[in-house]
K.L.:
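Would you mind keeping the following structure in view while I ask a few things?
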Amino acid sequence: MLTLHRIREEKDKLVQALGKRQLEAGPLLDKVIGLDESRRALQTELDATLAEANKLSKEIGQLFKSGEVEKANTLKAQTADLKEKSKELGEQLQTAESQLQEELYQLPNAPHSSVPAGNSEEDNEEVFQKGEVPELHGEALPHWELAKKYDLIDFELGVKVTGAGFPVYKGKGARLQRGLINYFLDRNTAAGYTEIQPPHLVNEASGLGTGQLPDKEGQMYHVTADDLYLIPTAEVPITNILRGELLQESELPIAYTGYTPCFRREAGSYGAHVRGLNRLHQFDKVELVRVERTEDSYAALDGMVEHVKGLLEELQLPYRILRLCGGDLGFTSALTYDFEVYSTAQERWLEISSVSNFEDFQSNRLKLRYKSADGKKQLAHTLNGSSLALPRVVAALLENFQKEDGIELPEVLHSYCGFSKID
RNA sequence: GGAGGAAUGGCAGAGUGGUCGAAUGCGGCAGUCUUGAAAACUGUUGAGGGUCACACCUCCGGGGGUUCGAAUCCCUCUUCCUCCGCCA
């Protein structure tokens with residue numbers, strides 16, 4: 001959520017920045033500013049009314065103490081009006097506050113100055129590309145065929161047990177998943193991230209905190225009996241660990257990593273592009289979450305990008321990095337780099353990581369602040385990134401490393417999987 | 001799931017209707033002393049709103065109520081503890 005302070009002080013800049021999302025923000029911001037003004041006017045009036053009532057109460061107390069009951073009763077009568085008035089003002093204030101809240105919730109984050117304007121993924125800007133696309137042998141197969149051929153992943157079995165989009169990993173397929181998870185966690189902890197195992201269900205407050213609610217309600221599985229949500233990403237529970245905290249500056253930066261399954265309803269997406277592992281209702285992901293001082297967050301974002309690059313290079317996968325344009329940028333993000341690996345058999349790029357700086361957008365909702373050395377309190381900056389989303393890594397590994405007689409895994413995975421070749 | 005008890009500032013812990021935003025201790029910060037540190041002593045130390053700054057308002061787990069007045073009384077929800085049941 002954008003801060004009121006920023007909306008009041010930098011409205012023109014915000015209108016310009018939000019314009020990159022193809023959003024005509026001027027009228028929305030004016031509405032917010034108007035609501036905020038009336039909210040504050042109501043608050044001031046209510047405060048004055050309460051102050052008067054408090055004063056009277058104290059006097060009444062004194063009078064009772066000194067036995068002047070009659071005088072006290074006279075004053076009592078006077079409080080009735082004040083009570084009525086403060087009740088009314090309180091209700092108006094509450095209405096104003098919830099209206100303001102509602103408007104604020106609907107405003108997406110303002111894109112960073114480097115974000116290109118644009119409508120869709122066609123306007124994303126490629127900022128880096130590395131790795132050779134391998135020459136495949138004549139009968140190269142897409143990963144869903146390979147998964148079947150070597151009995152690694154059974155999609156039909158998942159349909160039987162649960163439904164479409166819930167694959168069953170078997171044998172070396174399961175072991176490859178586990179090996180990748182361990183490899184990612186080891187690399188992340190070596191880079192200074194603390195490993196976290198968070199809950200896989202979160203409450204509504206957490207969903208609101210990181211911005212999945214209220215706008216993406218339909219994307220999450222909702223356990224209505226207990227009013228909990230299955231997490232769509234580890235970002236939600238891990239970032240919410242810090243919800244409402246007032247940290248010391250010396251505690252920053254905070255760097256967490258965690259593996260969780262991720263659950264997404266992906267309502268309405270069917271077709272060739274969601275075949276196999278390309279889009280699932282349940283998938284595994286190792287996530288990175290950082291909390292930074294405001295002045296450090298962009299350096300930290302660069303650091304995360306470098307870290308993820310290192311992983312992809314060790315996995316020897318051809319990849320590219322895109323700077324997302326305003327139209328493709330997530331609701332809460334100020335700047336996002338998407339990592340895509342090339343899936344040779346499918347001849348397309350697959351998104352496997354998204355690294356974002358949310359600046360203070362999330363922390364404003366989360367009320368995540370820190371106290372700097374001079375005692376000033378300010379909202380922290382939050383960032384996150386995937387390292388990495390498993391299914392598409394698996395898809396790319398299977399497809400890119402396939403040979404006539406099996407799949408040769410990149411060296412770094414051998415010890416993690418306990419085998420070097422799938423055949 | 002059943003029966004009881006509890007929830008107060010960074011922590012511990014007083015406070016059962018009226019100058020209580022809250023005693024006291026610990027911790028934190030500043031100072032005195034010291035070559036330096038420790039100890040000791042003195043002062044200071046919650047959060048949000050509001051203001052140029054004050055004033056002022058709100059907050060004692062969340063929500064609602066009683067009262068001129070609530071940390072204190074009532075209702076409700078949540079969480080924690082003890083006992084019982086169930087259970088990986």
Side-chain angles (χ1 to χ4, degrees), chain A residues 1-9 32-101 103-104 197-209 213 222-229 237 240-252 254 261 291 360 362-380:
Chain A
M1 169 165 85
L2 294 169
T3 61
L4 273 172
H5 180 258
R6 194 165 168 203
I7 293 172
R8 283 201 294 249
E9 302 296 317
V32 166
I33 290 168
L35 283 168
D36 179 50
E37 271 165 12
S38 58
R39 191 210 96 220
R40 278 189 295 166
L42 282 167
Q43 181 78 65
T44 305
E45 208 184 338
L46 176 63
D47 283 359
T49 312
L50 288 173
E52 212 176 317
N54 286 344
K55 216 175 108 201
L56 276 177
S57 284
K58 274 182 188 163
E59 279 173 39
I60 292 167
Q62 289 298 328
L63 290 172
F64 273 123
K65 231 177 211 172
S66 58
E68 298 169 83
V69 178
E70 212 167 291
K71 266 190 182 167
N73 283 328
T74 316
L75 285 186
K76 256 197 201 181
Q78 290 179 28
T79 61
D81 279 354
L82 290 173
K83 247 185 130 172
E84 185 59 34
K85 191 173 168 192
S86 61
K87 194 181 161 196
E88 215 167 278
L89 286 169
E91 278 163 10
Q92 286 176 33
L93 181 63
Q94 219 162 35
T95 309
E97 270 171 357
S98 56
Q99 277 176 359
L100 180 61
Q101 195 68 250
E103 291 298 322
L104 284 172
Q197 279 197 19
H200 298 168
L201 282 85
V202 294
N203 56 29
E204 187 186 12
S206 291
L208 286 167
L213 294 174
H222 187 185
V223 182
T224 51
D226 297 290
D227 201 18
L228 296 172
Y229 295 86
N240 272 283
I241 287 172
L242 295 158
R243 167 154 49 88
E245 293 292 315
L246 177 55
L247 304 165
Q248 295 298 323
E249 187 173 13
S250 58
E251 295 176 74
L252 299 178
I254 290 172
V291 180
D360 62 10
Q362 272 186 339
S363 57
N364 189 32
R365 282 197 184 185
L366 291 161
K367 294 286 169 282
L368 168 52
R369 295 166 303 153
Y370 67 97
K371 203 187 270 188
S372 48
D374 57 10
K376 255 179 66 180
K377 293 169 206 102
Q378 52 196 320
L379 293 168

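The chains referred to below are lettered A, B, ... by the order of the sequence lines, with proteins before strands, and numbering in each begins at 1.
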K.L.:
Considering residues, nucleotides and ligands other than A/Lys367, do more than 12 of their heavy atoms fall under 6.0 Å from its NZ?
P.N.:
yes
K.L.:
For B/C41 versus B/A22, give the span between their P atoms, rounded off to a whole number of Å.
P.N.:
25 Å
K.L.:
Work out how far the C1' atom of B/C33 is from that of B/A39, and round it to whole angstrom.
P.N.:
11 Å
K.L.:
Can you tell me, in whole Å, how much space there is between the P of B/U67 and that of B/C83?
P.N.:
42 Å
K.L.:
Can you check the distance between B/A3 and B/U8, where both ends of the measurement are the C1' atom (answer in whole Å)?
P.N.:
27 Å
K.L.:
Along RNA chain B, 5' to 3', what are the outermost nucleotides having an atom less than 4.0 Å from a heavy atom of chain A?
P.N.:
B/G18 to B/G69
K.L.:
Could you let me know what B/U66 is paired to, Watson-Crick or G-U wobble, both distances under 3.5 Å, or none if it's on its own?
P.N.:
none
K.L.:
When A/Val291 is tested against each of A/Ile254, A/Ile241, A/Leu366 for side-chain contact (heavy atoms from CB on, under 4.5 Å), which residue passes?
P.N.:
A/Ile254
K.L.:
Sub-3.5 Å donor-acceptor pair from the side chain of A/Glu245 to the main-chain atoms of A/Leu242, do we have one?
P.N.:
no
K.L.:
In Watson-Crick or G-U wobble terms, both distances under 3.5 Å, what is the partner of B/C11?
P.N.:
B/G25
K.L.:
Is it the case that over 12 heavy atoms from other parts of the model lie below 6.0 angstrom from the CD atom of A/Gln378?
P.N.:
yes
K.L.:
Touch check for A/Ser57, heavy atoms < 4.0 angstrom, all strands: base, sugar-phosphate only, or nothing?
P.N.:
base
K.L.:
When you compare B/A6 with B/A88, how far apart are their P atoms, in angstrom units rounded to a whole number?
P.N.:
34 Å
K.L.:
Strictly by Watson-Crick or wobble contacts shorter than 3.5 Å, is anything paired with B/U79, and which nucleotide is it?
P.N.:
B/A6
K.L.:
Determine the interatomic distance between C1' on B/G62 and the same-named atom on B/A55; round to the nearest Å.
P.N.:
31 Å
K.L.:
Assign A/Lys367 to base, sugar-phosphate, or nothing according to its heavy-atom contacts below 4.0 angstrom with the strands shown.
P.N.:
nothing
K.L.:
Report yes or no: do A/Ser363 and A/Asp360 form a side-chain donor-acceptor pair below 3.5 Å?
P.N.:
no
K.L.:
Which value, in whole Å, describes the distance between the P atoms of nucleotides B/C54 and B/G5?
P.N.:
46 Å
K.L.:
Classify the nucleic acid contact of A/Asn54 as base, sugar-phosphate or nothing, counting any heavy atom under 4.0 Å across all strands shown.
P.N.:
sugar-phosphate
K.L.:
Going by purine N1 to pyrimidine N3 plus the second Watson-Crick contact, or the G-U wobble pair, all under 3.5 Å, which nucleotide sits opposite B/U16?
P.N.:
none
K.L.:
Quick check on RNA chain B: between A/Ala53 and A/Lys87, whose nearest nucleotide comes earlier from the 5' end?
P.N.:
A/Lys87
K.L.:
Looking at B/U34, which nucleotide sits across from it as a Watson-Crick or G-U wobble partner, both distances under 3.5 angstrom, or is there none?
P.N.:
none
K.L.:
Decide if atom CD of A/Glu52 counts as having more than 12 heavy atoms of other residues, nucleotides or ligands within a radius under 6.0 Å.
P.N.:
no
K.L.:
Starting at the 5' end of RNA chain B, which residue's closest nucleotide do you reach first, A/Leu50 or A/Asp36?
P.N.:
A/Asp36
K.L.:
Tell which nucleotide pairs with B/G46, taking only Watson-Crick or G-U wobble pairs whose two distances are both under 3.5 angstrom.
P.N.:
B/C59
K.L.:
Can you establish whether the number of heavy atoms outside A/Glu70 located under 6.0 Å from its atom CD is more than 12?
P.N.:
no
K.L.:
When the P atoms of B/G61 and B/C56 are compared, how many Å lie between them, rounded to an integer?
P.N.:
25 Å
K.L.:
Using a heavy-atom cut-off of under 4.0 Å over every strand shown, decide if A/Glu59 touches base, sugar-phosphate, or nothing.
P.N.:
nothing
K.L.:
Apply side-chain contact (heavy atoms from CB on, under 4.5 Å) to A/Lys71 and list each qualifying residue two or more places apart in sequence or on a separate chain.
P.N.:
A/Leu63, A/Glu68
